[in-house]
Amino acid sequence: MTDTETRPDAAGLRNARRQRVLEAMDAAGIDILISGREPNARYIAGVPRLWINGSRPFGPGCVIERATGSIHIVSTWDEGVPADIPHENLHGITFNGANTLAWLTKVEGAATAKTVATDGLMPSTLGLVRKAFPAAELVDGEQLMRTVRAVKLPDEIDAIRHAVRIAESALLAAEGALRAGVTERQLTGVFMSHMAEAGVTTPSTQDVAWITSRTRPWARTSRDAAVGADDLVALDGGVLADGYVGEVGWTAAIDGVAKVGGPLLAKWDELWEGLLAACRPGNPASALLDAYAAAGLPAPPMPIGRGLGNGNDMPLVLAELPATAKDLRLEAGMVLAVTAYVWADGVGALYGKAPVALTDAGPELLSVKPLRELRS
């Protein structure tokens with residue numbers, strides 16, 4: 001294979017993920033699982049699909065059958081498709097419902113399946129699914145996939161670490177371009193260019209740099225402003241590499257952030273220590289929110305803990321979530337993007353995002369920069 005060809009995910013990782021899905025299906029009594037969401041389809045099939053334009057209606061993209069473990073995917077050709085998915089199980093992209101129905105009925109056990117799960121539906125898709133699986137009860141499959149994907153395999157953590165390295169390197173390049181007069185958009189351009197040179201063309205966000213506001217918390221000065229000598233600039237970058245998201249962020253300033261003074265830096269360190277202490281298996285996810293309260297800081301309006309993986313993984317820790325979601329227990333193997341934010345009137349904000357793997361031995365930082373240097 002040449003370096004330009006699309007490759008499937010590594011066989012060991014691919015097979016381990018599928019086994020976890022099949023075991024979850026067996027425990028839930030699900031015969032067939034239909035996935036239309038890209039992260040779920042990638043997790044199950046291990047295929048880097050080429051047709052992943054961002055806005056599109058739901059359609060079956062990947063189907064896995066429990067009894068035989070067979071997988072059917074939407075793919076016009078077999079580049080990047082592993083040999084364990086036979087060519088006859090590839091179904092070309094179609095906007096014709098009759099064609100979709102025809103390939104769904106070819107799935108092993110379609111006529112006799114008792115329970116079929118799907119991670120999304122549209123009214124038109126619902127009709128097709130009921131026709132393709134006439135004897136089946138239709139149930140939710142998204143929660144099953146969220147649960148399976150929340151705890152990472154060791155190879156998945158390595159994949160996230162690799163993505164973090166790329167994001168961090170590109171963000172360091174952007175920080176190296178920080179000087180008076182440079183704009184937020186120019187800094188973002190440096191990040192994107194460095195990311196592409198590393199062989200990755202998909203950022204997890206397109207807003208990499210912003211000047212923190214001195215008059216309002218959780219705000220920026222103005223879009224695409226030019227950096228001044230006294231500005232605190234939040235740098236936050238992420239990439240999607242080999243199917244896994246890696247994100248990292250910190251605060252930068254032309255003359256360094258130490259000029260903000262001891263009290264603000266001390267508050268920052270207090271918050272980081274509390275957040276890290278919360279990142280232990282067995283703790284409720286709400287322990288991350290408690291770290292803000294313990295530091296005397298208001299709960300932020302954005303997620304302060306968010307699962308990293310194939311996409312938007314669990315858990316999601318946000319102040320406005322229901323109590324049941326906040327009290328979700330953290331588990332070893334979860335990987336979180338943990339966000340800290342400390343703001344002072346007339347100064348601006350210290351911002352940081354750390355990718356943290358939860359282990360029985362304690363939190364493991366997946367970025368190269370030591371945690372206390374994320375703001376230095």
Side-chain angles (χ1 to χ4, degrees), residues 146 150-151 205 210 212-220 232-236 238 247-251 257-258 260-308 312-367 369-376:
R146 287 184 182 182
V151 176
T205 176
W210 67 94
T212 64
S213 172
R214 301 177 192 175
T215 58
R216 289 187 301 149
W218 293 103
R220 64 196 301 169
L232 294 177
V233 182
L235 300 173
D236 187 9
E247 295 181 354
V248 65
W250 59 81
T251 301
V257 300
V260 302
L264 190 60
L265 295 178
K267 181 63 68 175
W268 168 269
D269 290 337
E270 179 185 0
L271 176 59
W272 263 130
E273 290 172 3
L275 289 170
L276 272 187
C279 292
R280 293 185 176 275
N283 279 347
S286 57
L288 290 164
L289 293 169
D290 295 339
Y292 270 83
L297 298 169
M302 63 177 290
I304 59 171
R306 179 169 48 81
L308 292 177
N312 294 319
D313 283 4
M314 297 299 288
L316 176 66
V317 186
L318 182 65
E320 296 181 356
L321 287 179
T324 53
K326 294 178 190 175
D327 291 335
L328 170 73
R329 292 286 166 176
L330 300 178
E331 300 180 50
M334 288 181 171
V335 179
L336 304 180
V338 179
T339 298
Y341 185 94
V342 179
W343 178 83
D345 187 24
V347 177
L350 292 178
Y351 169 88
K353 179 189 290 180
V356 180
L358 276 61
T359 76
D360 291 326
E364 177 190 355
L365 189 65
L366 300 185
S367 54
K369 268 197 171 190
L371 193 58
R372 287 180 181 273
E373 291 186 9
L374 289 173
R375 49 81 169 167
S376 64

Would D236 and T205 satisfy side-chain contact (heavy atoms from CB on, under 4.5 Å), going step by step from the backbone distance to the final call? CA-CA 9 Å; D236 187 9; T205 176; 5.6 Å; no
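- Between P300 and W218, the closest heavy-atom pair is CB-CZ2, 3.1 Å.
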Go through it in stages, so that I can follow the logic: the residues are L365 and V356, the test is side-chain contact (heavy atoms from CB on, under 4.5 Å), and I'd like the CA-CA distance, side-chain angles, deciding distance and then a yes or no. CA-CA 5 Å; L365 189 65; V356 180; 4.3 Å; yes
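- Qualifying side chain to side chain contact (heavy atoms under 4.5 Å, CB included) partners for R214, counting only residues two or more places apart in sequence or in other chains: D230, D231.
- Every pair tested for side chain to side chain donor-acceptor pair (under 3.5 Å) that includes a residue from residues 291-302 fails, sequence neighbours excluded, so the list is empty.
- For T339, there are no side chain to side chain donor-acceptor pair (under 3.5 Å) partners two or more places apart in sequence or in a different chain.
- To the nearest 0.5 angstrom, L276 atom CG is 9.5 Å from L288 atom CG.
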Could you please spell out the steps behind the side-chain contact (heavy atoms from CB on, under 4.5 Å) verdict for L271 and Y341? CA-CA 8 Å; L271 176 59; Y341 185 94; 5.7 Å; no
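- Listed for the T212 side chain is a donor-acceptor partner under 3.5 Å among the backbone atoms of A349.
- With sequence neighbours left out, the ring-ring contact (aromatic ring centres under 6.0 Å, His included) criterion links W210 to Y351.
- Partners of A293 under the side chain to side chain contact (heavy atoms under 4.5 Å, CB included) rule, at least two apart in sequence or in another chain, do not exist in this structure.
- Taking the salt bridge (Lys or Arg N to Asp or Glu O under 4.0 Å) definition, one finds that D313 meets it with R149, K152, sequence neighbours left out.
- Summarising the geometry, atom CG belonging to L318 is positioned 8.5 Å from atom CD1 belonging to I304; distances are rounded to the nearest 0.5 Å.
- Between atom OG of residue S213 and atom CG of residue L232 there is a gap of 11.0 Å, rounded to the nearest 0.5 Å.
- Across every non-hydrogen atom of A319 and A299, the tightest pair is CB-CB, 3.7 Å.
- Within the structure, the salt bridge (charged side-chain N to carboxylate O under 4.0 Å, His left out) test picks out the following pairs touching residues 289-306 (sequence neighbours left out): E247-R306.
- In this view, A332 and P281, D360 satisfy the side chain to side chain contact (heavy atoms under 4.5 Å, CB included) rule, not counting sequence neighbours.
- Considering CE of M314 and CG of L330, their distance stands at 11.0 Å, rounded to 0.5 Å.
- A357 pairs by the side chain to side chain contact (heavy atoms under 4.5 Å, CB included) definition with I157, V335, E364, L366, not counting sequence neighbours.
- The two residues V317 and A285 have their closest heavy-atom pair at CG1-O, 3.5 Å.
- Within 6.0 Å of CG in N312 there are 12 or fewer heavy atoms belonging to other residues, nucleotides or ligands.
- What you find for L265 and L350 is that their closest heavy atoms are CD2-CD1, 3.7 Å.
- Taking both residues in full, the closest heavy atoms of A278 and N283 are given as O-ND2, 3.0 Å, listed atom of the first, atom of the second, then distance.
- Listed by chain and number, the residues in a side chain to side chain donor-acceptor pair (under 3.5 Å) with E331 amount to none (sequence neighbours excluded).
- Put simply, CG on L289 and CG on L297 are 12.5 Å apart, with the number rounded to the nearest 0.5 Å.
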